[in-house]
Amino acid sequence: MNEPLAWLAWTGLHASPWKLIGWAGALMFSGRWFVQIIASRRHGKPVVPRVFWYMSIVGSLMTLAYFVFGKNDSVGVLQNLFPAFTAGYSLYLDIKHRGWHRDRAGH
């Protein structure tokens, strides 16, 4: 999975499947802020929708997988371990205190 993908050669990018997973994770982790902005604009106040926590967990785990298996970089591993745990704990608290159907019920 660390070999460059041949079908990307024409673009000048030398990306392995692990690098694509890392990029997707970084986009997922960054994209959660757009979700939060949109939700806050719709409600007219600061709101953190549950999908924010799901995107945090998935993005962190994808970039963590890239740093563990693709890059073997301990700095990246440490950088992505903590956000995955905190997002998981925040999601747990959100479900515990507001129930499973929070986003359907209004804020």
Side-chain angles (χ1 to χ4, degrees):
M1 292 252 306
N2 287 321
E3 296 298 317
L5 296 169
W7 57 271
L8 283 177
W10 68 274
T11 65
L13 294 174
H14 301 286
S16 67
W18 280 120
K19 188 165 276 196
L20 291 180
I21 290 169
W23 284 341
L27 288 172
M28 177 78 66
F29 196 75
S30 299
R32 68 198 175 117
W33 293 108
F34 292 106
V35 169
Q36 195 270 333
I37 289 169
I38 292 166
S40 293
R41 279 192 60 114
R42 285 185 181 157
H43 289 87
K45 63 181 181 179
V47 173
V48 180
R50 188 170 290 164
V51 72
F52 179 91
W53 301 118
Y54 288 123
M55 291 175 75
S56 296
I57 293 168
V58 171
S60 289
L61 293 177
M62 289 176 78
T63 53
L64 182 62
Y66 166 70
F67 283 114
V68 169
F69 302 112
K71 187 99 171 150
N72 293 325
D73 182 1
S74 61
V75 174
V77 170
L78 290 174
Q79 181 180 359
N80 288 285
L81 262 178
F82 186 68
F85 284 119
T86 56
Y89 183 67
S90 295
L91 179 61
Y92 163 75
L93 290 176
D94 189 47
I95 292 169
K96 179 181 173 187
H97 292 287
R98 298 186 190 207
W100 278 102
H101 303 293
R102 173 185 85 112
D103 287 338
R104 291 187 198 157
H107 298 272

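Here, residue 1 is the first one in the sequence, and each next residue gets the next number.
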| Those residues that, when tested against S40, pass side chain to side chain donor-acceptor pair (under 3.5 Å) (two or more places apart) | Q36
Within one Ile-Leu-Val-Met-Phe-Trp-Tyr cluster: [X] and [Y], side-chain cutoff 4.5 Å:
| X | Y | answer |
| --- | --- | --- |
| V51 | I95 | yes |
| W33 | V48 | yes |
| L78 | F85 | no |
| I38 | W53 | no |

| query | Taking ILVMFWY side chains as joined if any heavy atoms are under 4.5 angstrom apart, and letting links pass through other members, which residues group with Y92? | reply | Y89, L93
| query | Does I37 sit in a hydrophobic cluster with other residues, and if so which ones, taking ILVMFWY side chains as linked at heavy-atom separations under 4.5 Å, directly or through other members? | reply |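 When side chains under 4.5 Å apart are linked, I37 ends up in no cluster with other residues.
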| query | What pairs with F29 under ring-ring contact (aromatic ring centres under 6.0 Å, His included), at least two apart in sequence or on another chain? | reply | none
Can you give the donor-acceptor pairs under 3.5 Å from side chains of residues 55-63 to other protein atoms, not counting sequence neighbours?
unit_1, atom_1, unit_2, atom_2, d
S56, OG, R32, NH1, 2.9
S56, OG, F52, O, 2.9
S60, OG, S56, O, 3.0
T63, OG1, G59, O, 3.0
T63, OG1, S60, O, 3.1
T63, OG1, N80, OD1, 2.7

| message | Using 0.5 Å steps for rounding, measure from the NZ atom of K71 to the CH2 atom of W18. | response |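 K71 atom NZ to W18 atom CH2 measures 14.5 Å (nearest 0.5 Å).
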| task | Quick one: list whatever passes side-chain contact (heavy atoms from CB on, under 4.5 Å) with V77, sequence neighbours left out. | result |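 Checked V77 against side-chain contact (heavy atoms from CB on, under 4.5 Å); matches are L64, F67, V68, L81.
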